[in-house]
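Note on naming: letters A, B, ... go to the chains in the order of the sequence lines (proteins, then strands), and numbering restarts at 1 for each one. Note that the coordinates shown come from a computational prediction; the quantities given were computed from them, not determined experimentally. When reading the values below, keep in mind they use all heavy atoms of this one structure, side chains included, and skip hydrogens, waters and symmetry mates.
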Amino acid sequence: MYLKSAYDIREKYLRKDMLPTIFCPGCGIGSALQYTLRAIDDLGLNQDEIVWVSGIGCSSRVPGFVNFDGLHTTHGRALAFATGMKLANPNLKIIAFMGDGDAAAIGGNHFIHAIRRNLDVTVILINNFTYGMTGGQVAPTALKGLKGTTAPYGQFENPFDIADLAVSAGANYVARWSVFNYLQGINSIKKALQKEGFTLVEFLSPCPVSFGRRNRMKTAPELLRWYQKITVPLAKAKKMKPEELEGKIVIGEFADRDRPGLVREYEAYKKRAKKMMGWEE
Amino acid sequence: MRYPFPVGRSDFIQGDEAIARAAILAGCRFYAGYPITPASEIFEAMALYMPLVDGVSIQMEDELASMAAIIGASWAGAKAMTATSGPGFSLMQENLGYAVMTETPVVVVDVQRGGPSTGQPTLAAQGDIMQAIWGTHGDHSLIVLSPSTVQEAFDLTIRAFNLAEKYRTPVVLLTDAEIAHMRERVYIPRPEEIELIERKLPRNEEEARLPFGDPHGDGVPPMPIFGRGYRTYVTGLTHDEYGHPKTVDAEVHERLIRRIIGKIENNKADIITYDSYELDDAEIAIISTGIVSRSAIRAVKILRERGVKAGLLKLNTIWPFDFDMIEELAERVRKIYVPEMNLGQLYHLVREGANGKAEVELIAKIGGEVHTPMEIVERVVG
Ligand SMILES: Cc1ncc(C[n+]2csc(CCOP(=O)(O)OP(=O)(O)O)c2C)c(N)n1
Ligand code: SF4
């Protein structure tokens, strides 16, 4: 893979009149964005046929900074908006950029149902274990013991494993990396964008400001070291005992299959309807 | 174009069915919903018809999703609709506000039933009037229409789509369980008999760069549909003419919100329709909307037979509201009666309009039954 300079990517895809971004120094969202743009560029996708959609949160501000059609919607509901967009115009290629709270808490129901339908969308999910935009409350992904302003003594609930959830709900492609796994990240996004149906690339992403600060990791490098400690590649995890995996997060590719997407299913359904009504042979 | 129901002739159908057929004739090609009595038949009819006319009908996971999906579909270029009843309508309020803020043409049908909460699922009520007008948060305006017959349910559905497209706004069709389930003769026109309005599209790049501007001076910006190369950013945050978020700039917020409200308020004459019966020489006015108007018409006839100079103003548009017209009427009559199937919602608006120029009396009825004409007559003659 030939890597274009970050400057070229920025020139080609960012809305200069919207810069600077709202992101804090050391935030991982920018990296995930860059990987997504690189994947689009590498694949030579048509900029005018891609629509970005998002909910509410720091991660969800991304569509505002890229020079594409974009729908910045309500908290958690991006995928429901996307369902309407995709079915009303199947030629649109949809990228949903969302946060972990956005996708798995308030948007949990939309998330699992979009996957169940196999909605044709690529989700780039920023998992920072926290609600960044509202200042560091715990997210449903927060591992036990992690602190947030609404769990000042450490999270006492069990976390969601979003990738795991997506695999069970039926997604066609699911991968999880930290934002420091840039080659794997870009390759996964490229794979995801080329597939029919629901595809998800989850990024463990440093939020030094709202999350790290409260968990003794004030800078991105500290968070990087922590990710290195808690992440386990899939192949290795397969050989580990459940006790050893306690408190760890597995990274890698978790699903790669080709079930028909919602658009194709609906096209077939329309045909069936017309046939059953005797409108078509 | 082939239709899955007869056109160019009358049919004996329910209100819900009439709404579905009207939507299809109005060009609706995207329906998203979640089942709820007494609106389910709209969904069921759409499910039957949509695939046949190359449209989409999809059952979402809830009403929040349904409302979201139709907004998405509208930005992708489709005329889109959802239908629900009180509890579902409450869930739609957040995204209804989003549709107002992003100026997205969509049609939302609320088939009212008894509330609050799960209330009386199979019985009629008019308890969502305030929810329809003010249910979402923040300063805003939208359009609310209200039919009183199955034919009107049909006609106003087409009008709802036309107004949504013309003013780039959500339009609520506020009906009720009685009309939804009642069968009446309805004339289903041929497509060429219907006048349809389509949203303004940008005529050039310049206009497309201002998806929330006012290039025509009428308060309604052309809508750059997604996928046509305009690269439009749409956000529910306060935004400037270009669509860029400007969340702490008071001036930008004021300009945006005043324009969104203004495009409705300044076009009251075009949007508001009503019918009046025997009002010219009336000393007693009855003001009503929806199903209750039918008893009110009968009540006016009985009152006239008894020598009482009564008349009726039947509101087909509930919002925007013509406060001035009500004041003029209040200046001419002795007293105004407002029969409605709730404990006083339209009453608030009428009293504000009357502005003390005439006494306004509420004739409230709840529990699921429509007022009988005699109930209204007896209140008037005391
Ligand atoms: C209905 C609703 N509830 C609450 C909020 C407040 N809110 C804004 S962003 C956010 C959480 C964001 O967290 P996440 O989705 O993880 O994204 P991040 O900011 O961490 O990228 C919340 C709760 C809202 N905007 N809307
Ligand atoms: S609060 Fe956290 S997630 Fe939000 S921009 Fe700052 S670092 Fe990034």
Check your understanding: Between A:R117 and B:E61, is there a side-chain N and carboxylate O pair less than 4.0 Å apart?
Key -> yes
Review point. Rounded to the nearest 0.5 Å, what separation is found between the CZ atom of B:R231 and the CH2 atom of A:W52?
Key: 12.5 Å
Practice item. Supply the atom-to-atom distance B:H244 NE2 to A:D17 CG, rounded to the nearest 0.5 angstrom. Key: 4.0 Å
Exercise for review: Among B:A78, B:G227, B:A80, single out the residue with the greatest number of heavy-atom pairs under 4.5 Å to chain A.
Suggested key: B:G227
Review point. Is the shortest heavy-atom distance from the side chain of B:P51 to the side chain of A:K271 under 4.5 Å?
Key: no
Revision key, fill the gap. Looking only at B:A69, B:A76, B:A68, most heavy-atom pairs under 4.5 Å shared with chain A are made by B:A68
Practice item. Just do the side chain to side chain contact (heavy atoms under 4.5 Å, CB included) check on A:H110 and B:D62 with the steps written out, would you? Key: CA-CA 9 Å; A:H110 306 310; B:D62 57 31; 3.5 Å; yes
Exercise for review: Please state whether the side chain, the backbone, both or neither of B:I58 comes within less than 4.5 Å of a heavy atom of chain A.
Suggested key: side chain
Review point. Is the A:F81-B:Y98 ring centre distance short of 6.0 angstrom?
Key: yes
Practice item. Side chain from CB out, backbone as N, CA, C, O: work out which of these in A:L92 comes under 4.5 Å of a heavy atom of chain B, or both, or neither. Key: side chain
Review point. Of the listed residues (A:N67, A:I50, A:N89), which shares the most heavy-atom pairs with chain B below a 4.5 Å separation?
Key: A:N67
Practice item. Select one option (side chain, backbone, both, neither) describing which atoms of B:P4 are under 4.5 Å from chain A's heavy atoms. Key: both
Check your understanding: Looking at CG of A:L87 and CZ of B:R29, how far apart are the two atoms once the value is rounded to the nearest 0.5 Å?
Key -> 15.5 Å
**Study point:** B:Y49, OH: over 12 other non-hydrogen atoms inside 6.0 angstrom
**Key:** yes
Exercise for review: Identify whether the distance between the nearest side-chain nitrogen and carboxylate oxygen of A:K270 and B:D54 falls below 4.0 Å.
Suggested key: yes
**Study point:** B:Y233 side chain vs A:V66 backbone, donor-acceptor pair below 3.5 Å
**Key:** no
**Study point:** B:F226 versus A:D69, closest heavy-atom pair with distance
**Key:** CA-OD2, 3.4 Å
Study note, to complete from the structure: Residue from B:T232, B:L237, B:T235 scoring the most non-hydrogen pairs under 4.5 Å with chain A is B:T232
Check your understanding: With only heavy atoms counted, which part of B:I70 is less than 4.5 Å from chain A, the side chain, the backbone, both or neither?
Key -> neither
**Study point:** Engaged part of A:F68 at the chain B interface, taking heavy atoms whose separation is under 4.5 Å
**Key:** backbone
Study note, to complete from the structure: Checked B:G55, B:S74, B:A32, B:A73 vs chain A; the most non-hydrogen pairs under 4.5 Å come from B:A73
Study note, to complete from the structure: One option among A:T73, A:L262, A:I56 has the most heavy-atom pairs under 4.5 Å with chain B, and it is A:T73
Check your understanding: From B:F30 CZ over to A:M85 CE, what is the distance, rounded to the nearest 0.5 angstrom?
Key -> 10.5 Å
**Study point:** Other residues, nucleotides, ligands: >12 heavy atoms within 6.0 Å of A:F23 CZ
**Key:** yes
